[in-house]
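Just below is one structure, and these are the notes that go with it.
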Number of protein chains: 2
Amino acid sequence: MNAYPELSPSPRTIMTPGPVEVDPRVLRAMSYPILGQFDPEFTTLMNNTMAMLRELFQTGNQWAYPVDGTSRSGIEAVLTGLIEPGDRVLVPIYGRFGHLLVEIAERCGAEVSIIERPWGEVFDPQEVIDAIHREKPKLVAMVHGETSTGRLQPLADIGRACREADVLLAVDAVATIGGVPVESDAWFLDAVIGGTQKCLSVPSGMSPITYNERAERKILARKRVERGLRSGDADEIGTTGFRIQSNYLDLSQLQDYWSPARLNHHTEMTSMLYGLHEGLRILLAEGLAARFARHRLHEEALVVGLKAMELVLYGDPSCKLPVVTCVAIPDGIDGESVRSMLLHRFGIEIASSFGPLKGRIWRIGTMGYSCSRKNVLHTLGAFEAVLARHGLKLPAGEAVQAALDVYDRHGVPV
Amino acid sequence: MNAYPELSPSPRTIMTPGPVEVDPRVLRAMSYPILGQFDPEFTTLMNNTMAMLRELFQTGNQWAYPVDGTSRSGIEAVLTGLIEPGDRVLVPIYGRFGHLLVEIAERCGAEVSIIERPWGEVFDPQEVIDAIHREKPKLVAMVHGETSTGRLQPLADIGRACREADVLLAVDAVATIGGVPVESDAWFLDAVIGGTQKCLSVPSGMSPITYNERAERKILARKRVERGLRSGDADEIGTTGFRIQSNYLDLSQLQDYWSPARLNHHTEMTSMLYGLHEGLRILLAEGLAARFARHRLHEEALVVGLKAMELVLYGDPSCKLPVVTCVAIPDGIDGESVRSMLLHRFGIEIASSFGPLKGRIWRIGTMGYSCSRKNVLHTLGAFEAVLARHGLKLPAGEAVQAALDVYDRHGVPV
C-alpha cells in the first residue's frame, strides 16, 4: 500500500561539529501540537524567545530573534541587510567559512578585500586592525569559531578597533554560541549570527541573530514596506539606500514581524520555535558559565585520551576551538574507512574535512548535548578499537583510562 | 531558577488558511532522535522524500525537493533562480499573494508587467494568454490558490500557451498542494512551489518545490560553484548568465546538495525533513484522489452550514478555492470580537483578512488534518453560538443539522 518505509532512525552517538544530538526535552517540545502564528500564546513564546536570546548573546540589543532557515540563512540575512552594492567589505579568512562570507558578500554586490592566514592558525588581532586602517571598509565580516580547522579567533580587540573607526563588525558565531563565550556587547560586535544544531543542541532549522542600533540604522535606511501591506505611497519613498535584495531574508521586515506590530511576513516555524525555546530554557537553567566549563572539561578528557593513543592533534594549540578537536590521520590509515567502521559498527559519527584538509584530518565535535562524559568515553574506546582494527599500533587501553583520570581529577561524580 | 515558563500550548482547533493542525503522526516523527546529514540512513530519507514529492506534484521532473525555509523561501528560490536582472516578467494579480510575487520579482531586478482582476474573482485564461502575447515576458509568475480571497485560478490553458510561446511559468501552489489537484506536467507548469503548513499538515518550515528541464537550463546557465568548495578556476568560468543573487536560495547549489554528489551547502533540517517525510507518507497512503474528495466533502458541509445560518459567502462561487471559505461579516458585528471569543472560549481559530478585505470578511480554512467532520461540526456549532452572543439573529440550531445532512447523504460512517 505504501512503498516508503516508516521512519525509524538508528540511534547515533553524534560527535561531529554539527548537527549534534538533540536534547530529548527539545525533541519532546517539538512534538507538541501547534498554535496559530498570531495566537497570543504563540506571540508570548516569541517574546520569551527573544528575551532568552539576549541572555545567550550577552547583549542589551532590542533585536535578537531567529531567522527561519539554517545557519547560513542568518549569515545571508545579516550581510544582505548590511551590505549595499559597491560597499567595501573586509573578510579575514582562516578556514572554509571565511570563504562563505566572501561568497555571500560578493553576491550582495560588495567590493571585498581579503586577508588570509594559513589553515590551522588565526589572526593576531593587530593584523586585522592594520587591514581595517588600510582598506577602510564599511563592514568587517569574520568567523568566531572555524569548524573546518577547529580554531577560535579572539575578537575583543578587533571589535574595539572597528567601533573606533566607525566600521560595522558582523560575526559568524554559529559554531561557538552556547558552547564558548560570545560577548556581543563587551566585544563591540554589531551583528552576531548563531546556529541551533551545534552547541544549542536544537535541530538545524533556525539561525538566531542579534544586531545593535548601529546595524539597525543601516537596515532601516533601506526599508521598503511590502506591496499588498502598504498603507500608502509614503511607505515606499523617503528611503536613502539600495533596496535589500531579498524579501525572505529582509531584516527590516523580519524585525517588524518580531515587533509588537507583528506585521505579516512569513509563517513562523512553530515546531522549530518550540524547540529553540526549550533549548534556550535548558541552556539558561544550566547557566552560561557552567555550560562553557562543561565544554572545556569534556574537551580536556577527549584531548588527553587522543594523546594517550599517541595521535597527533592538528593546528596551533594556542587558538584551539574547545568544541572541535582535529586529529591528523596517521600515515597509512584510510580515514574514510575508519569513519565508516565507527558509524556502521559502533553507531558513532565523526567528521571528515574540507578543501586542503580533505583526507588529512578527522574532526571530532564535543558540542551541546553530545558533549558528555558518556559520549567521550564511548568514542575513545571505539576509536581505539577501530584504529587497532585498521592495523595501527597504539598503547592499548590507555585512552579511556587517561580520560577517566581527567574526570576523577575534576571530581565529576562516578 | 528559570524565569521562562515551560512550554505548554493550549489545545486548538485551527480552522485558518494555515498554519493548520499537524497530524500527530507527523509530530511523533519530528520527535525522533536525529541522524547526521550525510549519514546513509538520512540521505536515503532525502531520496525517498524526493520520490514522494514527485507523486505529490504529479510530475516526472528529476528535481523535486524542499527548500529549507517557510513557503516564501521556496517562492524566492524559484524566482531568484529564474529571473535575471532586466528580464520581463508578467504577474497576473487577483489577491495579496500576487503582490508578493511582484515584490520578489522586482527585488530580482525584473521588469514586471502586471494585470489585475478585482479581489474575489480570477482570470479568464484568455485574458492572461492575450497579455503574454502582448507583453512577451520571459516568465509568467502566478498564484494557483489565493488564500487572501479564497479563489482558485485554472492554469491548464495558461500553461499550454506559455509552452507554445516558449515562456516559463512559475506557480505558487502553497495553498493548494495536497488539498486540490496540482498537475505540474499535464498543465505544463515549469516550476511549482508548495508549502507544508497548509494541506500537507506538517509544521511551517519547508517549502517543497519542483521544476523541469526548461527551468533547470536557465538555472544552470547562471551556476557558480561556491568559494571554498571549488576544484579549480574552471568552476567559476564558462557561465553565461548573471550570478544568482542569493547563496542560501541558489537552486543550482541546492540541486547539487540533493543530487548523489551531495555537494555541501546548508545543514539539512533533520526534524523538519522527518515531518515532511511522514506527512507525505500519510498523504500517499490516503491517496491523492481520496484526499481531494475529502477536502471537497468537508467544504460542502461547512458551506451548507454557514448558509443555513443565513451568512453570505464572499467572492465569485464559480472559482471558489475548496480549502478556504470566506464569509462576509454581517453589518453591525465586530469581526475581531467574534474571532476573539471563538479563540478564548472555544479554542477555535479562524482568520481575519488583508488589505481591502480587512474587517469585511472572515476566512475559514478546511485544510489537511484540520479538514475533518469533527472540526467542521465543532466550528459550526461554536460559530453560531458566538454570533448569537454578539446579538445576530439567526436560525438557531440549523447549521449543524444541515452539515450532518451532508455527511449522512455522503454515507460517511456515523
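Quick note on labels: first sequence line is chain A, next is B, and so on, each numbered from 1. Note that these values count all heavy atoms, side chains included, but never hydrogens, waters or copies made by symmetry.
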Which atoms of A/I14 come close to chain B, meaning under 4.5 Å heavy atom to heavy atom: side chain ones, backbone ones, both, or neither?
side chain

With sequence neighbours excluded, what pairs up with A/S201 under the side chain to side chain contact (heavy atoms under 4.5 Å, CB included) test?
A/V20, A/Y369

Residues passing the salt bridge (charged side-chain N to carboxylate O under 4.0 Å, His left out) test with B/R28, sequence neighbours excluded, are A/E6

So CG of B/D39 and CG of A/L343: to nearest 0.5 Å the spacing works out to 5.0 Å

Could you tell me whether a side-chain N or O of B/Q245 sits under 3.5 Å from a main-chain N or O of A/Q245, the two making a donor and an acceptor?
yes

Using a cut-off of under 4.5 Å on heavy-atom pairs, state which of B/G36, B/G69, B/S73 scores highest against chain A.
B/S73

Contact origin within A/I75 toward chain B - heavy atom pairs under 4.5 Å:
neither

For the backbone of B/S10 and the side chain of A/E41, can you confirm whether one donor and one acceptor N or O come within less than 3.5 Å of each other?
yes

Contact summary for B/H265 and A/R72, nearest pair of heavy atoms
O-NH2, 2.8 Å

Could you tell me whether the side chain of A/S204 and the main chain of B/T267 form a donor-acceptor pair under 3.5 Å?
yes

Could you check which of A/E278, A/H266, A/Q37 has the highest count of heavy-atom pairs closer than 4.5 Å to chain B?
A/H266

Any chance you could lay out the side-chain contact (heavy atoms from CB on, under 4.5 Å) test for B/M30 and A/S271, step after step, and finish with the verdict?
CA-CA 9 Å; B/M30 294 183 71; A/S271 304; 3.8 Å; yes

Please step through side-chain contact (heavy atoms from CB on, under 4.5 Å) for the pair A/F354 and B/N264, ending with a clear verdict.
CA-CA 10 Å; A/F354 302 108; B/N264 195 224; 3.5 Å; yes

Tell me, out of B/G95, B/S31, B/G98, who's got the most heavy-atom pairs with chain A below 4.5 Å.
B/S31

Quick check for you: to the nearest 0.5 Å, what is the distance between B/L27 atom CG and A/Y274 atom OH?
9.0 Å

Just so I understand: if I count every heavy-atom pair under 4.5 Å between each of B/T16, B/L35, B/V22 and chain A, which residue has the most?
B/L35

Side-chain (A/R12) to main-chain (B/I34) donor-acceptor, under 3.5 angstrom:
no

Go through B/T270, B/I244, B/T80 and name the one with the most non-hydrogen pairs under 4.5 angstrom from chain A.
B/I244

After noting the C-alpha distance and the side-chain angles of B/Q197 and A/M269, does the key distance pass the side-chain contact (heavy atoms from CB on, under 4.5 Å) rule?
CA-CA 9 Å; B/Q197 80 281 10; A/M269 296 178 174; over 6 Å; no

Could you check whether any side-chain N or O of B/E76 sits under 3.5 Å from a backbone N or O of A/N247, counting only pairs where one atom can act as donor and the other as acceptor?
yes

Of all of A/A351, A/S8, A/P19, A/P24, which one pairs up most often with chain B through heavy atoms under 4.5 Å apart?
A/P19

Report the C-alpha distance between A/Y248 and B/I104 in whole Å, list the side-chain angles of each, state the deciding distance to 0.1 Å, and finish with yes or no for side-chain contact (heavy atoms from CB on, under 4.5 Å).
CA-CA 9 Å; A/Y248 186 64; B/I104 296 173; over 6 Å; no

Could you tell me which portion of A/A77 (side chain, backbone, both or neither) has an atom closer than 4.5 angstrom to a non-hydrogen atom of chain B?
neither

Whether B/R107 side chain and A/S246 backbone form a donor-acceptor pair below 3.5 Å:
yes

Is it the backbone or the side chain of A/H277 that comes under 4.5 Å from a heavy atom of chain B, or both, or neither?
side chain

Kindly say whether B/Y4 contributes a backbone atom to a donor-acceptor pair with the side chain of A/R281 at under 3.5 angstrom?
yes

